[in-house]
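Data block below; observations after.
From a predicted model like this one, the values you see are computed outputs, not experimental measurements. The residues of the chain are indexed from 1 along the displayed sequence.
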Amino acid sequence: MAFGIERREHKRIPCKTPILHNTNPPDFLYKGTMFNYSKKGLYFESDEDLLQGHEISISVNKPLPQFPNNPHQHFHAKIVWCQKLSGSPYKVGYGAKLI
C-alpha cells in the first residue's frame with residue numbers, strides 16, 4: 001500500500017477529546033471530537049455540515065494534557081477540507097487551519 005507524502009510543517013499531536021464548535025456568526029453549538037492538532041491546524045469529526053472556507057470557533061472543555069494550565073481552550077479555525085466518513089459515529093471529518 002502506498003501512502004501520501006507528509007506535507008505538514010508542524011507535527012500533529014494525537015488526542016481524542018470532545019469539542020463544541022459553532023459557525024461564524026455563532027448560531028448554535030455543535031458536538032464533535034477532535035482527534036489531533038498542531039501549531040497551525042487540527043482534525044475533528046462532527047455531524048454538522050460545514051463547507052471549505054467556513055470560519056468556526058472550537059471550544060475544548062477538558063484541558064489537553066499538553067496545556068494543563070489552561071482549563072478552557074478556544075480555537076478559531078478555517079475549514080480547509082472535509083470528507084464524508086463511514087465507520088465513525090460522526091458523518092464528516094474536517095481538516096482546519098488555525099487562524
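- In terms of heavy-atom proximity, Tyr90 sits nearest to Lys31 at CE2-O, 4.1 Å.
- Once rounded to the nearest 0.5 Å, the distance linking NE2 of His54 with SG of Cys82 reads 10.0 Å.
- In this structure, the separation between CG on Asp47 and CD on Glu45 is 9.5 Å, given to the nearest 0.5 Å.
- For the pair Leu42/Leu98, a side-chain contact is recorded, criterion being any heavy-atom separation below 4.5 Å from C-beta on.
- Here the side chains of Ile58 and Leu20 are not in contact, with every heavy-atom distance at 4.5 Å or above.
- Here the shortest heavy-atom pairing between Tyr37 and Cys15 reads CD2-SG, 3.7 Å.
- Annotation: the span from Lys78 atom NZ to Ile99 atom CD1 amounts to 7.0 Å, rounded to 0.5 Å.
- Taking NZ from Lys91 and NZ from Lys84, the interatomic distance works out to 8.0 Å, rounded to the nearest 0.5 Å.
- For the atom pair Ile13 CD1 and Lys11 NZ, the distance stands at 7.0 Å (nearest 0.5 Å).
- Here the straight-line distance linking atom NE2 of His74 with atom OG of Ser57 works out to 9.0 Å at 0.5 Å rounding.
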Q | Residue pair Val92, Gln83: steps toward the side-chain contact (heavy atoms from CB on, under 4.5 Å) verdict | A | CA-CA 6 Å; Val92 186; Gln83 179 176 336; 5.8 Å; no

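- Residue Tyr94 is tested with Phe44, Trp81, Tyr30 for a ring pair (Phe, Tyr, Trp, His ring centres under 6.0 Å); the sole match is Phe44.
- Across every non-hydrogen atom of Ile19 and Val60, the tightest pair is CG2-CG2, 3.9 Å.
- Nearest heavy atoms, Ile56 versus Asn22: CB-O, 3.0 Å.
- In terms of heavy atoms, His21 sits closest to Glu48 at CE1-CB, 3.6 Å.
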